Engineer: 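Take a look at this one; I'll ask things after.
Small disclaimer: the values here were computed from a predicted structure and weren't measured.
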Amino acid sequence: MTLIRGTIGKLDNLLKYAAHVSNQQVKDRDPKRRRIDLEKGIELVFPIELIGIGKLPSDQHRSLLQLLIEHQSHAIKLDWDYVDMSESVFVRMTATSPDNLILWENECVVMQQDMNACYNKIQDERQLFAAVALAAKSKLLFVNDIKLFDNSGLCTTISITIDSKSKSNVLVKSICDFMQKEQEESESSQDSSLEAFFDTLRPPVSDYYLDNYTSEQVVSHLAPFQTQNVQWMLKREGHCADTLGNVCPLSTLYEQPPLLHKYINGSLVNQVTGEEVNDAKRIKALQMQSYRGGVLADEMGLGKTVW
């Protein structure tokens with residue numbers, strides 16, 4: 001994944017959006033929605049700077065991130081602007097809610113000579129952002145998924161797919177070459193020691209303490225990661241806790257395709273057998289079978305016994 005900085009979140013709109021989505025269940029994804037047949041995929045990470053977030057109490061900050069991540073809607077839409085101003089190019093990416101609230105945006109100006117160079121070789125993230133914006137505006141690339149996550153602050157991952165008809169396009173090739181080079185450089189710089197290998201198996205640890213996933217009936221004081229374990233276990237059973245600690249259904253869990261399946265041209269296809277599934281009830285049954293339950297596999301000594 002490639003990092004692109006400069007995204008500014010609209011704090012007031014994000015607060016409104018978080019309050020809105022926390023009070024309603026997100027509708028299931030339309031199984032007939034058109035999906036692009038992937039030839040190649042790109043994942044871009046955009047850290048979102050929330051100007052003014054420091055004025056909020058820390059618990060309200062945590063609650064905002066938690067609500068946005070838990071109840072994030074696949075209805076968030078990305079719009080791309082690409083404006084040629086003769087000597088320079090203005091590009092912008094805007095994320096909007098279903099109610100047309102601007103949630104975050106990223107914009108920059110690239111000199112025309114630097115933009116022209118993108119067709120041969122992309123040099124940095126600004127050129128990459130401009131190239132992606134132009135390709136998306138020209139329908140060479142398609143946003144396939146948008147996910148919010150917490151990495152010491154709000155971030156979004158945008159999964160972009162390339163239409164098989166566009167893979168020979170010069171600009172698309174340049175984008176893919178840049179991404180491939182970054183991946184190779186990242187892999188070559190990785191520590192090959194045994195300790196580094198085990199470090200890669202450990203997920204990143206967040207110090208966010210989820211008050212609404214605790215209970216007065218539990219005598220032990222839970223560590224932050226233990227409250228996150230409770231959140232994960234509830235989510236695996238299709239539920240979450242609201243801001244008051246009440247357990248409620250979480251419909252977004254079943255928006256993903258069932259295991260070993262993917263959507264192709266509007267039909268759910270088993271990637272092993274090739275069987276197509278179009279019956280809504282059967283799709284729902286496969287989703288529930290795939291995403292219910294799980295294994296809490298923390299290392300020894302990390303407090304699993306409390307459960």
Engineer: Under 4.5 Å between side-chain heavy atoms, counting indirect links through other Ile/Leu/Val/Met/Phe/Trp/Tyr residues: same cluster for Ile42 and Val170 or not?
Structural biologist: yes
Engineer: Assign the ring pair Phe46 / Phe129 to parallel, tilted or perpendicular, where the plane angle (0 to 90°) is split at 30° and 60°.
Structural biologist: perpendicular
Engineer: Show the numbers, then the answer: is there a side chain to side chain contact (heavy atoms under 4.5 Å, CB included) between Gln112 and Ser88?
Structural biologist: CA-CA 4 Å; Gln112 187 64 256; Ser88 60; 5.7 Å; no
Engineer: A side-chain contact here means heavy atoms from C-beta on lying under 4.5 Å apart; do Asn229 and Leu296 qualify?
Structural biologist: yes
Engineer: Starting at NZ of Lys262, measure out to CD of Gln271 and round the result to the nearest 0.5 Å.
Structural biologist: 5.5 Å
Engineer: So does Arg62 pair up with Asp211, basic N to acidic O under 4.0 Å?
Structural biologist: yes
Engineer: Mind checking the OH-CH2 spacing from Tyr213 to Trp232? Nearest 0.5 Å is all I need.
Structural biologist: 13.5 Å
Engineer: Does a donor on one side chain sit under 3.5 Å from an acceptor on the other, for Thr2 and Glu182?
Structural biologist: yes
Engineer: Is the shortest side-chain N to carboxylate O distance from Arg282 to Glu275 below 4.0 Å?
Structural biologist: yes
Engineer: Side-chain heavy atoms nearer than 4.5 Å, only ILVMFWY residues, links allowed to pass through others: does that put Val247 and Val230 together?
Structural biologist: yes
Engineer: With a 4.0 Å cut-off on N to O distance, would you call Glu105 and Lys10 a salt bridge?
Structural biologist: yes
Engineer: Do Leu234 and Cys240 come within less than 4.5 Å of each other through their side chains, counting heavy atoms only?
Structural biologist: no
Engineer: Say whether Gln226 and Asp298, considering side chains only, have a donor N or O and an acceptor N or O under 3.5 Å apart.
Structural biologist: no
Engineer: Between Thr243 and Asn212, is there a side-chain donor-acceptor contact under 3.5 Å, judged purely by atom types and distance?
Structural biologist: no
Engineer: Are the side chain of Thr157 and the backbone of Val45 linked by a donor-acceptor contact shorter than 3.5 Å?
Structural biologist: no
Engineer: If we only count heavy atoms from C-beta on, is the Asp79 to Lys77 side-chain gap below 4.5 Å?
Structural biologist: yes
Engineer: Just do the side chain to side chain contact (heavy atoms under 4.5 Å, CB included) check on Ser138 and Leu134 with the steps written out, would you?
Structural biologist: CA-CA 6 Å; Ser138 304; Leu134 175 57; 3.7 Å; yes
